[in-house]
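We count ligands from 1, going down the list as the structure has it; atoms in each ligand are counted the same way. The residues of the chain are indexed from 1 along the displayed sequence.
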Amino acid sequence: MPGTSRMPVSLRESFNNVKKRRPPNNPLQVVNLDLIRNIVFFFFLLRWTRRVLWKLKGRGLFGTFAELYTETRRILYGYFLRAPGVRTQVRKQIDEALTKMQGKLVPANATRYLTLPKEGWTEEAIRKELDTLASMDHTRWEDGYVSGAVYHGEDELLKLQTEAYGKFTVANPIHPDVFPGVRKMEAEIVAMVLSLFNAPPGAAGVSTIGGTESILMACLAARQKAYAERGITEPEMILPETAHTAFRKAGEYFKIKVHLVACPAPNYQVDVRRVSRLINSNTVLLVGSAPNFPHGIIDDISALSKLALKRRLPLHVDCCLGSFLVPFLEKAGFETTPFDFRLKGLTTISCDTHKYGFAPKGNSTLLYRTQEHRAYQYFVDPSWSGGVYASPGMAGSRPGALIAACWTSLMSIGEAGYLQACEQIVGTTKKIADRIRDSPALAAELEILGNPLVSVLAFQARNLDVYDIADGMSAKGWHLNALQNPPAIHVAVTLPITKVWERLASDLEEVVEAEREKERVRAVEGKKAKGKATAGDAAALYGVAGSLPNKSIVVDLAKGFLDLCYKA
Ligand SMILES: *Cc1c(COP(=O)(O)O)cnc(C)c1O
């Protein structure tokens, strides 16, 4: 056979053995076996050649080797961590860290209820206990001490939302005939958000229980669409490194290969040329953020849109965080950049009504340019013994009460209210940014990442350890977000923060001053004192564990943390 020489020796031998055991009394059989063998081998070769070429095209020779190097280091360090002696030491340290965490997370002296009460409690007893639970010692979001998390929090809105919730406590949109009001409200929420993002005629959407579900569904729909229309069985998507991790979750859940693209300084937007190089015939989705969570930067959505049009690929824009701020930037007189359906290449947008839409948690929307695209996220089972079943997203039954509370928020705040909130929140973000740039205490030390146009401000430290600054702020009662790659912290400005931003800025000045003083002392005392005596939580997690070549320690810590969350 002409192709035989291409077979690896070992394979050839095993085939020869097969032949030896079964004499070729039927010559045709042997010919077929050889032929099939060669065809299979050819496709194997083609597949791997194609992969290598895609890799080289996408990452370049240097990038490919850099990836190989990182991966090798990760694997080798993984072996090291599992070596006898090291493993027990690592486990001991993780357990120590978790015990410390438990002390903070799970109060030791509270009464715990681990079984049903024999008799139900009286209303009075329950009310009393609920009050205790609501006032447990916590970071004071009510006083504006928390980045993000609670975006509105004013009593009047909360009261109205609770009233709406109360009217629809039993409602479930899975039964539109039983709860027609909820169906109507849900459809109207989607319509209102579509109009906010300048959706063209024929556009459609769904409501979901949060940004993560919106993103999961956008990825699933893109994968299903590519399978149905292009026969793609090994889907890939291309993400900015800074895109929300929900996309990586979608990659894991739905088996979509993820390519991450750097978002380099000075503008921290995704490098669109690199995105372009990573596109291949398995690509099912491109992604941009408006803005991203870590740095609050809006990617160059116009360029991504052009690329998506040219390569005829879907483009998702994650506006979960931008939600109801980004659409109002222009009217509020702030600098803005194209982000919505007016860009022709943009096919889906996620927008969280439960962030700057001020709806209660458990509300988000996913918008599609076309109704046909939306149908790819639907699940329909025509043959279940429980009856013909159809649901739009991940959940089956859903809380109609949350939809009612979302609709109530949108209707009660209205365009004027959101415009005013945008002025306040984005206005405050700009004031904090100015303070960081102009204050003598901060200007020399902190550097704002890129040109944030919305409500998130990320900064890194020039000489100090930025995680020490984060820990210093925690000690003053602030809950800011620690970031990595590069090390930085951010604040997501909310309505509660707009009232106390000046204290935030002056506390930041004090903390930076104090850290600088510590650094001076350390420099005087010389090398001996260089190891930090007491690293705070952020410094420990990101400074030590985060810099390891293999992050399995961080993974174990995080899993331990999740376990703790369920410790009664
Ligand atoms: C918050 C956020 C999400 C996801 O939100 P959840 O509602 O927490 O699931 C997605 N993208 C960005 C940019 C976000 O900030």
With no hydrogens and no angle check, just 3.5 Å: does a side-chain donor-acceptor pair link Ser289 and His244? no
With distance as the sole criterion, is a donor-acceptor pair present between the side chains of Glu330 and Thr336 under 3.5 Å? no
Considering only non-hydrogen protein atoms, determine which one is nearest to atom 15 (O) of ligand 1 and report residue, atom name and distance to 0.1 Å. Lys355 NZ, 2.9 Å
Per-atom contacts, ligand 1 versus Asp352 - under 4.0 Å to a heavy atom: 5 (O), 7 (O)
Distance to 0.1 Å, residue and atom name: give those for the protein heavy atom nearest to atom 9 (O) of ligand 1. Thr212 OG1, 2.5 Å
Among Gly148, Ala246, Gly211, which residue places a heavy atom closest to atom 6 (P) of ligand 1? Gly211
If you count the non-hydrogen atoms of other residues, nucleotides and ligands that lie under 6.0 Å from CZ in Arg59, is the total more than 12? yes
Please determine, by modelled atom types, if Tyr356 and Ser455 share a side-chain donor-acceptor pair under 3.5 angstrom. yes
Non-hydrogen atoms of Glu213 versus ligand 1: any pair closer than 4.0 Å? no
Assess Lys361 for proximity to ligand 1: is some non-hydrogen atom of it under 4.0 Å away? no
Would you check whether His354 has a nitrogen or oxygen atom less than 3.5 angstrom from a nitrogen or oxygen atom of ligand 1? yes
Does a salt bridge link Asp434 with Arg437, judged by any charged N lying under 4.0 Å from a carboxylate O? yes
Geometry only, no angles: is Asp318 polar-contacting ligand 1 at N/O separations under 3.5 Å? yes
State, yes or no, whether a side-chain contact exists between Ser276 and Arg311 at a heavy-atom distance under 4.5 Å. yes
Walk me through whether Ser147 and His490 qualify under side-chain contact (heavy atoms from CB on, under 4.5 Å). CA-CA 8 Å; Ser147 161; His490 91 202; 3.8 Å; yes
Contact with ligand 1 for Pro291, non-hydrogen, under 4.0 angstrom: yes
